[in-house]
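Lettering of chains follows the sequences in order, A, B, ..., and the numbering in each one begins at 1. Predicted, not measured: the structure shown is a model, and the values here were computed from it.
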Number of protein chains: 2
Amino acid sequence: MTEKPISIRDVAERAGVSPGTVSNVLNGSRPVNAALAQRVREAAEALGYQADRAAALLRTGKARIIAVLVPDLDNPFFTSIVSALESGLRDQGYELIVASSRGEDDTEHSRLAAMLAWRPAGLVVIPGSDEFPARALIDRARVPYVVADRITLDPAANTISVDNESAGAIGMRHLVDKGHRDILIAASVLKLANIRERCAGAVSVLESLGLPPPAIVETGGDFTLASDRLAAWLDSNRQPTAILALTNFTTLGVLSALAERAIAIPRAISLIGFDDYAWMRARTTPLTAIQQPVQAMGEAIWARLKARIEGDASPPAHIQFQCDLKVRASTATPSHPDGTSTGAG
Amino acid sequence: MTEKPISIRDVAERAGVSPGTVSNVLNGSRPVNAALAQRVREAAEALGYQADRAAALLRTGKARIIAVLVPDLDNPFFTSIVSALESGLRDQGYELIVASSRGEDDTEHSRLAAMLAWRPAGLVVIPGSDEFPARALIDRARVPYVVADRITLDPAANTISVDNESAGAIGMRHLVDKGHRDILIAASVLKLANIRERCAGAVSVLESLGLPPPAIVETGGDFTLASDRLAAWLDSNRQPTAILALTNFTTLGVLSALAERAIAIPRAISLIGFDDYAWMRARTTPLTAIQQPVQAMGEAIWARLKARIEGDASPPAHIQFQCDLKVRASTATPSHPDGTSTGAG
DNA sequence: GCGGTGCTGTAAAACGATTTTTGAAAAATC
DNA sequence: GATTTTTCAAAAATCGTTTTACAGCACCGC
C-alpha cells in the first residue's frame, strides 16, 4: 500500500516533457523555453517533487554534503564551530554530516573513511593530533578540505585557526601588567601544537621582560582529570598569584580546584579563562577571558571550503584570527606585589 | 590525471569473480564459496575498497543515515543528545546528519525536507514547538522516527523525554522542605509543553500542601534575554527566597541577574539549576541541580529508532526518564523562615 | 533556395552498487 | 548410468538522476 515517492519521471509526464528537460529546468544546466520551464516548475511544485539525492550523487559523483570531523561533540568549542558552519551551509543546499574522533587516531581514521564513502563535496576536520595520520585518506579521496583549530604539518592543507602565540601572550601580558610574577599556566595537552604555541606566547612575554619562566601544569583533556591534576599541583607547590588557563576545560578545572580549596578569585589568585561562554560571565566574579572569534572562524572555514569546492586553485592559505582579551573582575593586582616572597607553604 | 576511485568492478576483476559475487561476499546476502570469499576479501582489502554509498542507496532505497534535527546547535543539552547518539551509531555503519531549526517553524520544515531527500533510515527530531507542523513531511516520507525531549500531539510518534512534572516537583519539594515559601519559577517559554509540565509539577507541590502559588516569570529562549527579564522582575517585585530555574539557559540568566545585583547564593536566595554541567559544579557555591540523564536518553533514542528501522511494529512507546536532584550548596534554609514578611521593597 | 548554424527538445547512455534471473556444473537419487 | 535436484557464480536488470548525442526546426547569409 506504500505509494512510491515521486520521481523525475512523474514530473516529466505531468508536464508533458522528457525527464531530461525537467532536470535542465530544475538545475538550470541548459536553457529551456520559458513557457515549458514554467509548466515543469508547476508540475514539480504540485507533486511536491524532491530530487533523490542518491541518484543525483551517483551520476555527478559529488554529494552536496559537507563532512565534519571533530575530536569531541561534548566540547562547546567544537560544537560552536559546527553550529557556525551549519548556518553557512543551510541556504546553499548542503547537508552536514558530523562525526567524533574522540581524540583517538584509529577512530579518526575509521570515521573519516566512512564519511568519505559518501563522496562529500568538502571536508572540515579538527585533527586529534598534530601527526594527523588520517591525512592520507583525504589525499586519496581528493576532496577539498580545511583543517580547523589545529595546526598541521600537511603543507597542502588550508588551515583556519587563531593566533595561538598571540592569544597566550595577551593573557600573560595582562597578568604581568597587573603586577603578577608568580604565574601558573594550566595547559591541557602539550603534545598539541596549538597548546604549545599558547604556552610559548605566554612564556615569551616573561622572557622578553627578563622575568623567570612560569610554572606549567599539564592537565589532560577532560574536566575531572584537569581538576584533579590542578588540585594535586596546588597542594604540593607554592601558591601562585595568578593562573592562566589555556582551554575551556582547563578553565573549569581551575575553577573547580580553587572552589574546593575556597581560594578567592581574584583576592588570592587571579584567573584568566580561555574561550568565552555565558557561564564565565554569569558569576559574582565574571572571568577575564581570552575569547576566540568562533563565529568568524566558522564563516571563514565555510568561505574557504566553498571557494575550494568551486574550483579555486590558489595556494593553501593559513588564516589566523586574533583572540580578544575580555577584561573582567577575575584579574586584579596581587595582594602581595612581591609575589615571590609570600604564599602558602 | 586523477585516478578513479576503486569500484566493485575493480575488486571483482582482481579477485577473478563477478561484481555480484563481490557484493554477496561483502554484504553476506548470499552464501559464497569460502575460498572465493577469502580471495574477494583480500582483494577488497588490498585495494582499500569502500562501496560507494550513493550507488548502494540508489539501489536499496535506504541510506545508512540518521538525520537529526534540533532547535539549536549551541545549546549543550541538544548537542549532548547528538553526541550520545553519535556514540551509538558509530559502530553500526550509520552516519549522522544534523541540522538546526533555530526554533523557527519554516526553517524546521525546509531543513527536514532537505534531509529527507537523502532517504535516511531514521530520523530523530526535537521539535521547535508542540504543534510540530513539519510532522506531515515525516508521514509522507514514511521514515521511522523518534521525537525527543519535547512532547508531541502526534499519536504515532515514539517519544523519549524526561518526566517533566516530576522534575519540577522534586525541585520544588526540596525548596519547600528547606523552608522556602516565597519562590520564583524561572521558566523559559511557556508555550512549550515540557516547560508547562515542569511548572505544573512544581506548582502542584505547593497546592498539595495548601501553600500559595509561586511567582512565574517567562524568560524567553536565550541567555541574555533571560538575564534581562529576570533582572527586570527582581527590580520590580519583592525578592523571593528561592528560585527554581527550568532550563539550563534560564539557570544562567538567573545567575547573571543575581550576580549583577550582588545577591548572595544561598544566603539571600537559594537556587536550583536545570541540567547538570561542569560549570555548575566548578563554583564556590556549587549549584543544586535537576539532572537529566542525557546519556541514557541518547541511548534510548537510538535503541528505539534502531528497533523501528529493523521492522519492529509495536505500538508507539512514550519513554520517560526520571530526573535526579543533585543537592549541593546553592540551596539552604531561608534566612527569614517566614519569607512573606520580609524582603527588599 | 540551399547549406550552415544556433537553438531546444527527446532519446539514450552513463553512474556503481544490489538483486533477480539464468545457466552450468556438481551432487544426489533412483 | 541417466535424470533430477541442488549449489553457486556469472550475467543482466534495476534504482533515479544527469549528461551526452542526436534530431527537428527556424533563421541566417549567400
Query raised in the report: Thinking salt bridges, do B/Asp312 and B/Arg304 make one under a 4.0 Å N-O criterion?
Result: yes

Query - Residues B/Glu95, A/Arg111: salt bridge by 4.0 Å N-O rule - result: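 Judged by the 4.0 Å cut-off on N to carboxylate O distance, B/Glu95 and A/Arg111 do form a salt bridge.
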
Atom [atom1] of [X] to atom [atom2] of [N]: distance rounded to whole Å?
X: A/Leu26; N: D/dT17; atom1: CG; atom2: P; answer: 10 Å
X: A/Leu47; N: D/dG16; atom1: CG; atom2: C1'; answer: 15 Å
X: B/Lys62; N: D/dC15; atom1: NZ; atom2: P; answer: 16 Å
X: A/Asp52; N: D/dT18; atom1: CG; atom2: P; answer: 10 Å

Query - Any donor-acceptor N or O pair under 3.5 Å, side chains B/Glu86, B/Trp302 - result: no

Requested in this report: Let me know, please, whether B/Arg59 or B/Leu36 comes out on the 5' side of the other along DNA chain D by nearest nucleotide.
Outcome: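 Checking each residue's closest nucleotide, the 5'-ward one belongs to B/Leu36.
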
Report task. Nearest-nucleotide wise, let me know which of A/Asn27 and B/Arg30 is further upstream toward the 5' end of DNA chain D. Result ->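 Between the two, 5'-proximity favours B/Arg30.
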
Over all strands shown, is [X] touching base, sugar-phosphate only, or nothing at heavy-atom distances under 4.0 angstrom?
X: A/Ser23; answer: base
X: B/Val22; answer: nothing
X: A/Arg53; answer: nothing
X: A/Thr60; answer: sugar-phosphate

I'd like to check [X] versus [Y] (side-chain heavy atoms, cut-off strictly below 4.5 Å). Are they in contact?
X: A/Pro71; Y: A/Arg150; value: yes
X: B/Phe77; Y: B/Val294; value: yes
X: A/Val17; Y: A/Val22; value: yes
X: B/Ile66; Y: B/Pro120; value: no

Report task. Please find the earliest and latest nucleotides of DNA chain C, in the 5' to 3' direction, that have an atom within less than 4.0 Å of any heavy atom of chain A. Result ->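 So the contact region on DNA chain C extends C/dT8 to C/dG16.
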
Query raised in the report: So which one's nearest nucleotide on DNA chain C is more toward 5', B/Asn24 or B/Ala54?
Result: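 Nearer the 5' end of the strand: B/Ala54.
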
Query raised in the report: Across all strands shown, which nucleotide pairs with C/dT19 by Watson-Crick or G-U wobble geometry, both distances under 3.5 Å?
Result: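 WC or wobble partner is D/dA12.
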
